[in-house]
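Within every chain, numbering begins at 1; the chains are lettered A, B, ... in the order of the sequence lines, protein sequences first and strands thereafter.
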Number of protein chains: 2
Amino acid sequence: MSEAGPLVLVVEDEPQMRRFLRASLASHGYRLLEAGGAAEALRLASAHPPDLVLLDLGLPDADGIDTTRRLREWTRVPILVISARQREDDKVMALDAGADDYLTKPFGVNELLARMRVALRHAGRALDGTAAEPVFESGELRIDLARREVTRGGAVVHLTPIEYKLLVLLAQNAGKVLTHQQILREVWGPGSTRQTHYVRVYMAELRKKVEADPARPRHIVTEQGVGYRFREG
Amino acid sequence: MSEAGPLVLVVEDEPQMRRFLRASLASHGYRLLEAGGAAEALRLASAHPPDLVLLDLGLPDADGIDTTRRLREWTRVPILVISARQREDDKVMALDAGADDYLTKPFGVNELLARMRVALRHAGRALDGTAAEPVFESGELRIDLARREVTRGGAVVHLTPIEYKLLVLLAQNAGKVLTHQQILREVWGPGSTRQTHYVRVYMAELRKKVEADPARPRHIVTEQGVGYRFREG
DNA sequence: GGCTCCTTTGATACATTCTTGATATGCGGT
DNA sequence: ACCGCATATCAAGAATGTATCAAAGGAGCC
């Protein structure tokens, strides 16, 4: 218990609950990081990557489900949701958004600790050395997944939500060809009756913003008759 | 939903609960394996390794906690415990024994399904890190199926959709002779009225791009009067 | 309500790929 | 060597796929 235990990010706005968690975790050897809201949580998580996140859904500044999704955009850290909401739909939404467990208040400390051990057990296996970089870089291009910020040669590039989603999708599958259908499904949702024309319009827009010479794309290359590919370097 | 879904081992002795689970899971595309007791569960799990175990703690022939430990001696399959016992100690013991989640009765189907998805998500991630990339190699030629990229001596070779399809077809049947008819059927679809002339035109094009000396093909060899064959080495 | 920004849709010019026909080359048997 | 057939190569038009611009519709914000 003298060594540095796992680092836990506690996201909770009620001071009482926070005190309780602080005391419970500290006495079991965990190191703590505390955030009172979603924005602070996201900032802290990217600045000091924790081993586990305890997330209260009832935050003052943002939806907890959305915060879960935001975290999942760039990290696989175990997320244990704590909430007063007992509705089944809330649980399903949180779990499907990327949470690993859902605990309803009131709960016992021992159950919390046991569920934390389960989460850390999973992480220990999966994250051995594969902790995903929160930043993707290729040539002059840089995508900060945690901050949702894209820069080209140091200058910030403003992207609309769809453009960003598209670029991240391409970058995370760098090297692989993504078909028009795959892209439509991932970006516009599975039930979209959209045409491949959409993809073209957005690719053109992305190239204008992200490529040094849009007419001679370095990264976003088209594979005729198939789809597109992100080329690194 | 037509494909084979994940295989779930349901360990439950109450017939009513079992019927309920069977109906719920089957309608969501899961394949089922059922056991009424601990002994049968252990036997089935080793005979047909499931993707997930749903384990009721109240079994007639053995303790559920113990069953969890027995399973954990040789498998990391996700174990989702279902129990009527609400005591915190029971939860802690089950989780520490190796269970991945603990759900108390009564519970909603949707929560169960969501927690199953979480468990399968964890398992899937741990496993696919070891999956080898499907790459075909022969001599200087290299076909990366995942990236949809062909290289000859390290240099990328650009292929049109039909050329790529043709090359993959040949490579995947390396050594075997493919008749003109087979090739036409596979590449242009079964209802094609195309002539064998097509195949010739494309073979010539492929050789130009893929062979070091198109006039003396090393890989794409023609079998007079029959068809073509991919020769390795 | 009027503003801005984003998304969707349509129109059009441009590029690649496919198909087709014409013609040359190779191969086996006599 | 010659013939007949199968195969290879070339090139042009047709078909299909792609890039780009611009304007119409929507959503959210003072």
Review point. Does dC18(C) have OP1 or OP2 sitting under 4.0 Å from an N or O in the side chain of W188(B)?
Key: no
**Study point:** Positions of residues 220-233 of chain A (non-hydrogen atom under 4.0 Å from DNA chain C), listed by number
**Key:** Q224(A)
Practice item. Please list residues of residues 199-218 of chain B whose heavy atoms come under 4.0 Å from any atom in DNA chain C, ordered by number; otherwise none. Key: V201(B), Y202(B)
Review point. V150(A) versus L141(A): any side-chain heavy-atom pair under 4.5 Å?
Key: yes
**Study point:** Min side-chain heavy-atom separation D66(A)-T68(A) under 4.5 Å
**Key:** no
Practice item. Give a yes or no on whether R147(A) atom CZ has more than 12 heavy-atom contacts from other residues, nucleotides or ligands under 6.0 Å away. Key: no
Check your understanding: Crowded around Q195(A) CD? As in, over 12 foreign heavy atoms under 6.0 Å?
Key -> no
Check your understanding: What distance separates L170(B) CG from L178(B) CG, expressed to the nearest 0.5 Å?
Key -> 6.0 Å
Study note, to complete from the structure: The side-chain contact (heavy atoms from CB on, under 4.5 Å) partners of A174(A) (sequence neighbours excluded) come to F136(A), F230(A), E232(A)
Review point. Of all residues at least two apart in sequence or in a different chain, which pass the side-chain contact (heavy atoms from CB on, under 4.5 Å) check with T179(A)?
Key: Q181(A), Q182(A), V226(A)
Practice item. Taking salt bridge (Lys or Arg N to Asp or Glu O under 4.0 Å) as the test, write out the residues that go with R19(A), two or more places apart. Key: none
Exercise for review: Can you sort out the partners of R207(B) under salt bridge (Lys or Arg N to Asp or Glu O under 4.0 Å), two or more places apart, ordered by chain and number?
Suggested key: none
Review point. Does any pair with a residue in residues 197-206 of chain B pass salt bridge (charged side-chain N to carboxylate O under 4.0 Å, His left out), and if so which ones, sequence neighbours excluded?
Key: E205(B)-K208(B)
**Study point:** Watson-Crick or G-U pairs under 3.5 Å in DNA chain C, rendered as dot-bracket with [ ] for crossing pairs and | for another strand
**Key:** ||||||||||||||||||||||||||||||
Exercise for review: When you get a sec, tell me which of dG10(C), dT17(C), dG21(C) is the closest nucleotide to the side chain of H197(B)?
Suggested key: dG21(C)
Does a side-chain N-to-carboxylate-O contact under 4.0 Å join [X] and [Y]?
{"X": "K209(A)", "Y": "E163(A)", "result": "yes"}
{"X": "E137(B)", "Y": "R142(B)", "result": "yes"}
{"X": "R148(A)", "Y": "E73(A)", "result": "yes"}

Study note, to complete from the structure: The first and last nucleotides of DNA chain D lying within contact of chain A, meaning any atom under 4.0 Å from one of its heavy atoms, run from dG17(D) to dC21(D)
If you look only at distance, which donor and acceptor atoms sit under 3.5 Å apart when one is on a side chain in residues 33-50 of chain A and the other is two or more places apart or in another chain?
residue, atom, partner, partner atom, Å
E34(A), OE1, R18(A), NE, 2.9
E34(A), OE1, R22(A), NH2, 3.1
E34(A), OE2, R22(A), NE, 2.6
E40(A), OE1, G36(A), N, 3.1
S46(A), OG, R43(A), O, 3.2

Pairs under 3.5 angstrom only: tabulate donor-acceptor contacts from the side chains of residues 103-118 of chain B to other protein residues two or more places apart or in another chain.
residue, atom, partner, partner atom, Å
K105(B), NZ, D56(B), OD2, 2.6
E111(B), OE1, K91(A), NZ, 3.1
E111(B), OE2, R115(B), NE, 3.0
E111(B), OE2, R115(B), NH2, 3.3
R115(B), NH1, D101(A), OD1, 2.8
R115(B), NH1, D101(B), OD1, 3.3
R115(B), NH1, D101(B), OD2, 2.9
R115(B), NH2, Y102(A), O, 2.8
R117(B), NE, D96(A), OD1, 2.9
R117(B), NH2, D96(A), OD1, 3.4
R117(B), NH2, D96(A), OD2, 2.9

Review item, nucleotides 3-5 of chain C N/O atoms under 3.5 Å of protein N/O:
none

